[in-house]
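Beneath this line is the structure, given in structure tokens, with notes to follow.
The analysis underlying the following values was restricted to heavy atoms, covering all of them including side chains, and did not include hydrogens, waters or symmetry mates.
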Amino acid sequence: MKIATLPEIKAVHGTVLYLDGISVSFDGFKALNNLSLAIDAGELRCVIGPNGAGKTTMMDVITGKTRPDEGRAVFGQSADLTRLSEAEIAHQGIGRKFQKPTIFERLSAFENLELAMKADKRVRAALFARLNSEDNDKIAATLTVVGLQESADREAGLLSHGQKQWLEIGMLLVQEPQLLLLDEPVAGMSDQETERTAELFLSLAGTHSLVVVEHDMAFIESIARKVTVLHEGSVLAEGPMEKVKNDPRVIEVYLGR
């Protein structure tokens with residue numbers, strides 16, 4: 001399937017995100033334990049690990065939902081995310097998609113993207129402004145990228161589960177993020193939808209940096225370029241999928257024998 005592309009977004013060269021010695025404790029339990037990792041601009045990074053490994057907490061730290069006890073989270077050239085609010089972090093260019101899609105089900109797919117685009121402008125009056133031709137073209141291109149061009153006028157609540165997931169990704173894309181955090185994006189999808197999602201993510205890599213957290217190992221293998229395995233709040237292993245899945249430590253704690 002040929003994937004449409006959006007106009008190229010200029011990305012920061014080098015490292016787009018650097019977590020440096022991040023530790024987070026909840027009532028004595030260390031959810032993250034001196035976690036350090038780096039994500040390059042345009043990279044598609046897969047993060048796997050058993051439940052309780054720290055994957056969600058890691059994303060909470062990156063988006064400002066959780067403040068670390070120790071460490072830094074540096075975005076771009078200098079922004080320390082640990083000192084910014086959730087809204088400020090989103091404005092920096094970080095978008096997060098949760099497992100359950102958050103869309104406006106009574107609005108059309110087009111209207112969902114329109115609302116997401118206007119909200120990003122952070123001007124109340126923009127919610128009442130009419131779209132110009134450039135905005136219309138951008139929304140149309142985004143709908144094509146996520147495979148919803150034929151469902152532009154369809155009420156979002158009538159879309160399939162997979163289409164709702166793609167719509168929410170489109171809602172992030174119209175805000176032109178540098179970094180996308182995607183939490184179990186193919187959970188509940190059909191095989192065909194999962195395959196289409198893999199194609200979508202591969203098409204986005206390069207113009208965006210993507211961090212994908214997922215338990216579907218077949219899906220991870222279909223998109224993986226570099227994989228990070230978390231265990232007990234730290235990096236257990238990292239590298240190409242073939243190397244990671246044959247690591248005895250990963251087999252022991254996650255993949256099984």
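- For the pair Glu105/Lys164, a side-chain contact is recorded, criterion being any heavy-atom separation below 4.5 Å from C-beta on.
- Between Glu232 and Lys30 there is no salt bridge, since no side-chain nitrogen of the basic residue lies less than 4.0 Å from a carboxylate oxygen of the acidic one.
- The environment of Arg83 atom CZ is sparse: at most 12 non-hydrogen atoms of other residues, nucleotides or ligands sit within 6.0 angstrom.
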Handout entry: Stepwise side chain to side chain contact (heavy atoms under 4.5 Å, CB included) check, Leu148 with Leu167
Key = CA-CA 8 Å; Leu148 295 176; Leu167 177 58; 3.8 Å; yes

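- Closest of all the heavy-atom pairs between Ala109 and Ser151 is CB-O, 3.4 Å.
- Between Thr56 and Asp183 the shortest side-chain heavy-atom distance falls below 4.5 Å.
- Residues Val145 and Trp166 have side chains not in contact (no heavy-atom distance under 4.5 Å, counting atoms from C-beta outward).
- With respect to the salt-bridge test (charged N to carboxylate O, under 4.0 angstrom), the residues Arg96 and Asp60 qualify.
- Distance check: Tyr254 OH to Leu230 CG gives 10.5 Å after rounding to the nearest 0.5 Å.
- Salt-bridge formation is detected for the pair Glu176/Lys138: a Lys NZ or Arg NE/NH1/NH2 atom is positioned less than 4.0 Å from an Asp or Glu carboxylate oxygen.
- Residues Gln165 and Met189 meet the side-chain proximity criterion, which asks for heavy atoms closer than 4.5 Å.
- Residues Val146 and Leu115 share a single hydrophobic cluster, defined by chaining ILVMFWY side chains whose heavy atoms lie under 4.5 Å apart.
- In this structure, Leu182 CG and Met59 CE are separated by 8.5 Å, a value rounded to the nearest 0.5 Å.
- Side-chain atoms of Arg154 come within 3.5 Å of backbone N or O of Leu158 as a donor-acceptor pair.
- Leu179 contributes atom CG, which lies 10.0 Å from atom CD of Glu43 (distance to the nearest 0.5 angstrom).
- Using a distance-only test at 3.5 Å, with no hydrogens or angles considered, no donor-acceptor pair links the side chain of Thr142 to the main chain of Val174.
- Ionic pairing of Arg72 and Asp20 is present here: one or more N-O contacts between side-chain nitrogen and carboxylate oxygen are shorter than 4.0 angstrom.
- Heavy-atom minimum distance, Phe29 versus Gly52: CZ-O, 4.3 Å.
- In this structure, the side chains of Glu214 and Pro185 come closer than 4.5 Å at one or more pairs of heavy atoms.
- Under the 4.5 Å side-chain heavy-atom criterion for ILVMFWY residues, no single connected hydrophobic cluster contains both Tyr18 and Leu210.
- The closest donor-acceptor contact from the side chain of Ser85 to the backbone of Glu88 lies under 3.5 Å.
- Using modelled atom types, no side-chain atom of Glu114 and backbone atom of Glu111 make a donor-acceptor pair closer than 3.5 Å.
- With hydrogens and angles disregarded, no donor-acceptor distance shorter than 3.5 Å links the side chain of Thr57 to the backbone of Leu32.
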Problem - Derivation and outcome, side chain to side chain contact (heavy atoms under 4.5 Å, CB included), residues Ile22 and Glu70 - result: CA-CA 5 Å; Ile22 298 287; Glu70 299 175 5; over 6 Å; no

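- Ile139 is connected to Phe104 through a chain of hydrophobic side-chain contacts under 4.5 Å among Ile, Leu, Val, Met, Phe, Trp and Tyr, so both are in one cluster.
- Note: the hydrophobic cluster containing Val74 does not contain Ile62 (ILVMFWY, side chain heavy atoms under 4.5 Å, direct or indirect links).
- Separating the OG atom in Ser209 from the CG atom in Leu181 is a distance of 10.0 Å, to the nearest 0.5 Å.
- The minimum heavy-atom distance between Ile103 and Met171, with the atom names listed, is CG2-SD, 3.9 Å.
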Handout entry: Verdict with supporting geometry, Ser160 and Glu193, side-chain hydrogen bond (donor to acceptor under 3.5 Å, both in side chains)
Key = CA-CA 10 Å; Ser160 72; Glu193 289 172 336; 2.9 Å; yes

Exercise for the section: Start with the C-alpha gap between Ile94 and Leu81, add the side-chain angles, then the distance that decides, and say whether side chain to side chain contact (heavy atoms under 4.5 Å, CB included) holds. Expected result: CA-CA 10 Å; Ile94 297 178; Leu81 302 179; 3.7 Å; yes

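- Salt bridge status for Lys243 with Glu238: absent, with no side-chain N to carboxylate O gap under 4.0 Å.
- Between Arg67 and Thr82, the shortest heavy-atom contact is NH1-O, 2.9 Å.
- Considering all non-hydrogen atoms of both residues, Leu107 and Asn112 come closest at O-ND2, 3.5 Å.
- Linking Ile, Leu, Val, Met, Phe, Trp and Tyr residues whenever their side-chain heavy atoms come within less than 4.5 Å places Leu173 and Leu202 in a single cluster.
- What you find for His231 and Pro50 is that their closest heavy atoms are ND1-CG, 4.0 Å.
- The shortest distance between side-chain heavy atoms of Val47 and Met58 falls below 4.5 Å.
- Taken from CD in Gln92 to CD in Gln178, the straight-line distance is 8.5 Å, to the nearest 0.5 Å.
- No donor-acceptor pair under 3.5 Å is formed between the side chain of His208 and the backbone N or O of Gly42.
- Met117 is not listed as a side-chain neighbour of Leu113, based on a closest heavy-atom distance of 4.5 Å or more.
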Handout entry: Check against side chain to side chain contact (heavy atoms under 4.5 Å, CB included), Glu221 and Lys245
Key = CA-CA 10 Å; Glu221 291 201 43; Lys245 74 178 184 180; 3.3 Å; yes

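- Side-chain atoms of Lys55 come within 3.5 Å of backbone atoms of Gly49 as a donor-acceptor pair (strictly under, hydrogens ignored).
- For Ser234 (side chain) and Asn33 (main-chain N/O), a donor-acceptor pair under 3.5 Å exists by modelled atom type.
- With hydrogens and angles left out, the side-chain atoms of Thr228 and Arg45 include a donor and acceptor closer than 3.5 Å.
- Annotation: side chain of Phe75 is not in contact with side chain of Ile89 (no heavy-atom distance under 4.5 Å).
- Rounded to the nearest 0.5 Å, atoms CG (Asp216) and OG (Ser222) are 8.0 Å apart.
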